[in-house]
Protein chains: 2
Amino acid sequence: MSESEMKNETRERLLDAAEGLFAEKGFEAVSLRDITRTAGANVASVNYHFGSKEGLINEVMKRHALPVNEERVRRLEGLLEGEARPEVREVIEAFLDPLIERITEADERRRLFGRFMGRVTGEEAKGIPSEMVPAFTKMMKLTVAAFQRALPGLSTEETLCRIKFCFAVMTQALLRDEVFEQITERKLAAWEPEKIYQEVLVFCTGGMAEQEGKA
Amino acid sequence: MSESEMKNETRERLLDAAEGLFAEKGFEAVSLRDITRTAGANVASVNYHFGSKEGLINEVMKRHALPVNEERVRRLEGLLEGEARPEVREVIEAFLDPLIERITEADERRRLFGRFMGRVTGEEAKGIPSEMVPAFTKMMKLTVAAFQRALPGLSTEETLCRIKFCFAVMTQALLRDEVFEQITERKLAAWEPEKIYQEVLVFCTGGMAEQEGKA
DNA sequence: CCCCTTGTCAAACAATCGTTTGAAACACGA
DNA sequence: TCGTGTTTCAAACGATTGTTTGACAAGGGG
């Protein structure tokens with residue numbers, strides 16, 4: 001009866017295998033047979049445990065995206081609870097740090113999560129699972145509110161547009177870009193992740209704060 | 001004999017249909033039968049004219065990417081020919097404008113090119129066609145040189161990293177992001193492209209110029 | 001003992017994919 | 001008119017996809 005420990009074992013192995021393969025090759029490029037072979041399970045097991053391939057994708061997404069989202073909400077609410085105007089840098093850190101922390105955890109299983117999340121955006125996916133929409137919408141509202149308090153000069157559209165750019169930068173930083181590596185002759189290949197995260201923070205801070213010299 | 005006008009007609013229709021469908025749904029999600037049905041041609045025509053589906057993809061990429069690249073090279077060389085230090089904004093415009101100009105051309109056939117180019121990065125594509133690599137490498141070297149002259153304080157790695165972020169922002173600005181639209185409740189849906197391009201320029205300029213307050 | 005649930009497995013399912021084939025239809029100079 | 005090379009087409013190819021089926025084993029509770 002205790003649901004906490006008696007988690008089905010093959011179910012977990014399927015999730016781990018799927019997460020790794022999806023992060024490496026994308027959703028469409030990985031077949032159920034690739035996943036089940038890696039997990040040492042039968043082809044039918046995916047449909048048994050998750051109903052369909054899409055159900056498996058949704059479950060992999062939820063496994064880590066929801067905790068990251070909750071942490072972001074917590075930190076953004078912390079920035080907004082007082083009357084003080086937060087720094088742009090603080091707002092960006094509030095939704096960059098939770099992602100980075102989860103990626104750099106020692107847990108081997110979570111190492112690929114970053115690249116997996118990079119896949120979510122830009123893929124032909126039908127979207128995120130519907131159960132996640134309210135949580136993500138709430139997080140986004142808090143993000144907009146925090147940025148608008150930090151940058152009172154920006155309109156809502158400008159703020160949203162730049163937030164989208166921040167997400168783009170974070171996503172691109174997590175994924176490997178074969179084309180870019182090729183045409184830069186791999187000069188950037190072996191950079192420590194910490195330096196890249198630092199660059200993400202600097203770039204987004206600078207891009208957000210720019211007041212497009214209207215004077 | 002005159003190759004200029006006697007361009008095979010179905011060949012052009014295949015390229016047009018492929019460009020539009022790829023821009024809309026991505027490379028893998030579009031089948032040869034989708035393309036040939038749209039173009040009013042036979043399934044075998046793709047393999048006849050382009051050898052394979054990959055050959056078609058490469059041809060679509062080359063059709064517009066090479067002219068954009070040449071224009072970028074021309075403008076970057078213009079910035080570098082003198083001794084003067086170019087503005088960060090000028091460098092960004094030098095490789096943003098050629099793309100925007102081609103997108104906003106009246107020619108209906110080229111309207112979807114932007115979204116198509118967005119697909120190139122991030123997809124599981126094996127990379128760009130090998131014939132394009134030298135031209136792209138040259139353009140990238142010029143870009144790095146121009147930025148390093150505009151921002152002497154940055155190391156090569158920092159410069160490359162931020163250039164990658166600029167590409168990420170441009171790509172994301174060209175593509176629709178269903179997930180983002182959903183969790184922002186489509187507040188940003190109907191923004192004029194000109195405003196978005198302006199935001200891209202502002203954001204990239206600010207992100208590039210930031211000197212990460214090392215003091 | 002039987003019954004029912006839960007899980008696994010090999011096998012087959014129908015659908016779709018990119019590609020190939022071989023024969024027609026066409027164009028055009030000799 | 002013939003011959004030759006180019007282009008189109010219906011049909012089929014083999015491979016792979018996600019999904020379903022039905023049998024089988026293990027595990028308790030009655």
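Being a predicted model, the structure only gives us computed values, none of them experimental. Throughout, protein chains are lettered first and strands after them, A, B, ... in sequence-line order, and every chain is numbered starting at 1. All values below come from the heavy atoms of this structure, side chains included, with hydrogens, waters and symmetry mates left out.
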Footprint string (nucleotides 13-27 of chain C, 5' to 3'): B base within contact, S backbone only, - free, heavy atoms under 4.0 Å: ----BBBBB------
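Between B/Ser45 and D/dT7 there is no side-chain N or O to OP1 or OP2 distance below 4.0 Å. For C/dT6, neither phosphate oxygen OP1 nor OP2 lies less than 4.0 angstrom from any side-chain nitrogen or oxygen of A/His49. Neither OP1 nor OP2 of C/dT6 sits under 4.0 Å from any side-chain N or O of A/Asn8.
Between the CZ atom of A/Arg11 and the C1' atom of C/dT6 there is a distance of 14 Å, rounded to whole Å. One interatomic measurement links the two molecules: CZ of A/Arg37 to C1' of D/dG18, which rounds to 15 Å at whole-angstrom precision. Taking atom CG of A/Leu14 as the reference point, atom P of C/dG7 lies 12 Å away to the nearest angstrom.
Closest heavy-atom contact between A/Arg72 and A/Ala94: CG-O, 3.7 Å. Minimum heavy-atom separation, A/Ile183 to B/Ile128: CG2-CD1, 4.1 Å. When all heavy atoms of A/Leu79 and A/Pro86 are compared, the pair lying nearest together is CD2-CB, 4.3 Å. Shortest non-hydrogen contact noted between B/Arg186 and B/Glu178 is NH2-OE1, 4.2 Å. Taking every heavy atom of both residues into account, B/Leu56 and B/Leu14 meet most closely at CD1-O, 4.5 Å.
Note that CD of A/Gln198 is 12.0 Å distant from CD of A/Glu192, once rounded to the nearest 0.5 Å.
Taking the six-membered ring where tryptophan is involved, the planes of A/Phe167 and A/Phe95 are tilted, since the angle between them lies from 30° to 60°.
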What's touching nucleotides 24-29 of chain D from the protein side, N or O pairs under 3.5 Å?
none

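Contact of the A/Lys195 side chain with the B/Glu157 side chain is not registered, since no non-hydrogen atoms from C-beta on lie closer than 4.5 Å.
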